Q: 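Just dropping this structure here.
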There are 2 protein chains.
Amino acid sequence: MSAGVTIGEAARRSGVKVPTIRYYEQIDLLPAPARSEANRRHYEAADLRRLAFIRHARELGFEIEAIRTLLTLQDNPNQPCGTADAIAQARLAEVVQRIRSLTALKIELELMVEGCRQGKVCECRVIEVLSDHDQCESPHH
Amino acid sequence: MSAGVTIGEAARRSGVKVPTIRYYEQIDLLPAPARSEANRRHYEAADLRRLAFIRHARELGFEIEAIRTLLTLQDNPNQPCGTADAIAQARLAEVVQRIRSLTALKIELELMVEGCRQGKVCECRVIEVLSDHDQCESPHH
DNA sequence: GCTTGCTCCTCTAGTCACTAGAGGATGTAG
DNA sequence: CTACATCCTCTAGTGACTAGAGGAGCAAGC
C-alpha cells in the first residue's frame, strides 16, 4: 500500500508548481486528495496522471474549461470522441491563425529594428513606424 | 479653433474602444483631455495621434509599460534612441520564440487530429496523446 | 532536547489589460 | 415630447495564476 507523495513531490514530478496544484484543486479540476494526520495532502498515482494530463494540455495552450471537458471525456471513455476532436481542431485553428499574425508582426518588427540607425529618437524608425501605421508592410494586424 | 471630438468619435477614429480610452486615461497613459461644460471629454488632434500610437503598439504586442517608455521617448526626441531599439528588439525576440513554439505545437495538434478516427473516446488519439507526453514529436514544449 | 531550515497549511490580495454592468445625466432626431 | 444613443462615474469580474502573511510540522545535525 502506497502512502502517496507530498504536494512538493507531486509538483516536482508533474512540473506543475505547488500553488498551482492547490489552485487546480480549488477550481475542482483536480480532486481533493486524502490528507495525512497533520492535514497534509498526499497524492496517488491516479492524481499524478491527471496532473500530467492537465499540464500537457496547458502546454498545448488549451484553456482550463476545455481541459475540464477533456477530463470528463477521459473519465467516460465509452462515448464518441467528436467533442475531443472538435476541441483539438478549434485549438489548431487558433494556433494557425496566431502563427500567421505573429509572422506578419515579425516582419514589421524586423523592418523597424533594421531601420533604426541608433541615432536620436527624432529620426528613429521604431518610433516613427509606431506613430504611423501606413508605413507598415501589411495593414492587417 | 477646433472644439475637439467626443470620446465616441475618438474611439471610432482610433479603433480603441470607449472604455479602453477611459482606462488609458486612468492609468496615465493618455493625458486627461479638456471637458465640455457638461463634463464630457473632448479630444484634440494630438490626443488622437497618441491614441493611434498606443493602438498600433498594442497591436504589435508591446506591453503597456513598454508603450509608456516609448511614449516618453517620443515626447523627448532629442535623446539617443537605444532604448526604443532595445524594446523593439526584445519584442522581436519574444515573437520569434513564440512562433517557434507555436509551430511545434501545431505539429502536435495536427498529429492528434489526424490520429483521431472519430470513434469512441477510449481509442481517441487526442485524449491519448494528452495523457502521455512521450507520444509527442518534440518533447520540448 | 534544541535549533535551523525546509516544507506544508489557509487565506487574502495582486497581476495584466481590459470588459461588463449599475445607475444616472445629457444630447439629438423625429 | 419622447425615444434612444451617448456620455459620466464607480465597482467588480475575467483567466490563470502568483505573491505574501502568518502559522504549524518535520527531518537533520549538534
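Keep in mind it's a predicted model, so treat the numbers as computed, not measured. Just so we're on the same page: letters track the sequence lines, and every chain starts at 1.
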Q: Do the non-hydrogen side-chain atoms of A:Asp47 and A:Val5 ever get within less than 4.5 Å of each other?
A: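 When only atoms from C-beta onward are counted, A:Val5 and A:Asp47 do not touch, as no gap falls below 4.5 Å.
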Q: Evaluate the side-chain proximity of A:Leu29 to A:Tyr23: yes if any heavy-atom separation is below 4.5 Å, no if none is.
A: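 Side chain of A:Tyr23 against side chain of A:Leu29, heavy atoms only: no contact under 4.5 Å found.
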Q: Taking DNA chain C as the partner, which of residues 61-68 of chain B come within under 4.0 angstrom of it by heavy atom?
A: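 Nucleic-acid contacts, sorted: B:Glu63, B:Ile64.
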Q: Would you tabulate the nitrogen or oxygen pairs shorter than 3.5 Å linking the protein to nucleotides 4-8 of chain D?
A:
from, atom 1, to, atom 2, distance (Å)
D:dC7, OP1, B:Thr6, OG1, 3.1
D:dC7, OP1, B:Gly8, N, 2.6
D:dC8, OP1, B:Arg41, N, 2.9
D:dC8, OP1, B:Arg41, NH1, 3.0
D:dC8, OP2, B:Arg22, NH1, 2.3
D:dC8, OP2, B:Arg41, NH1, 3.4
D:dC8, O5', B:Arg41, NH1, 3.4
D:dC8, O3', B:Arg35, NH1, 3.4

Q: So, do A:Leu51 and A:Tyr24 sit near enough that their side-chain heavy atoms are less than 4.5 Å apart?
A: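 Yes; the side chains approach each other to less than 4.5 Å.
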Q: Heavy-atom distance under 4.5 Å between the side chains of A:Pro33 and A:Glu44, does that happen here?
A: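 No, their side chains stay 4.5 Å or more apart.
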Q: With DNA chain D as reference, determine whether A:Arg58 or B:Gln26 sits nearer its 5' end, using the nearest nucleotide of each.
A: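 Looking at the nearest nucleotide for each, B:Gln26 comes out on the 5' side.
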Q: With sequence neighbours left out, write down each residue that passes side chain to side chain donor-acceptor pair (under 3.5 Å) with B:Arg98, or none if nothing qualifies.
A: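 Counting only residues at least two positions away or on another chain, B:Arg98 forms no side chain to side chain donor-acceptor pair (under 3.5 Å).
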Q: Can you name the side-chain contact (heavy atoms from CB on, under 4.5 Å) partners of B:Glu37, sequence neighbours left out?
A: none
Q: List the residues meeting side-chain contact (heavy atoms from CB on, under 4.5 Å) with B:Lys17, not counting sequence neighbours, and say none if there are none.
A: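 In terms of side-chain contact (heavy atoms from CB on, under 4.5 Å), with neighbours along the sequence ignored, B:Lys17 is linked to B:Pro19, B:Thr20.
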Q: Under the rule for side chain to side chain donor-acceptor pair (under 3.5 Å), what residues qualify as partners of A:Arg58, not counting sequence neighbours?
A: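 So A:Arg58 forms no side chain to side chain donor-acceptor pair (under 3.5 Å) with any residue.
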Q: Does A:Glu65 have any side-chain contact (heavy atoms from CB on, under 4.5 Å) partners at least two apart in sequence or in another chain, and if so, which?
A: A:Arg68
Q: Going by the rule side-chain contact (heavy atoms from CB on, under 4.5 Å), which residues pair with A:Glu94 if we only count those two or more places apart in sequence or in a different chain?
A: A:Arg91
Q: Between which nucleotides of DNA chain C, read 5' to 3', does contact with chain B run, using atoms under 4.0 Å from its heavy atoms?
A: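 Nucleotide range with atoms under 4.0 Å of chain B: C:dA17 to C:dG27.
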Q: Just report the end-to-end axis angle for the helix from C:dG1-D:dC30 to C:dG30-D:dC1, five pairs per end, to 10 degrees.
A: 10°
Q: Test of understanding: with side chain to side chain donor-acceptor pair (under 3.5 Å), list the residues that count as partners of A:Arg49, not counting sequence neighbours.
A: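 With sequence neighbours excluded, A:Arg49 shows a side chain to side chain donor-acceptor pair (under 3.5 Å) to no residue whatsoever.
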Q: Could you give all pairs that pass the side-chain hydrogen bond (donor to acceptor under 3.5 Å, both in side chains) test and reach residues 25-34 of chain A, with sequence neighbours left out?
A: A:Glu25-A:Arg41
Q: May I ask you to verify if any side-chain N or O of A:Lys17 is less than 4.0 angstrom from the OP1 or OP2 atom of D:dC17?
A: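 No, A:Lys17 has no side-chain N/O under 4.0 Å of OP1/OP2 on D:dC17.
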Q: Is there side-chain contact between A:Arg40 and A:Thr6, with at least one heavy-atom pair below 4.5 Å?
A: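 They are not in side-chain contact.
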Q: Starting at CG of A:Asp28 and ending at P of D:dC17, how long is that distance when rounded to a whole Å?
A: 15 Å
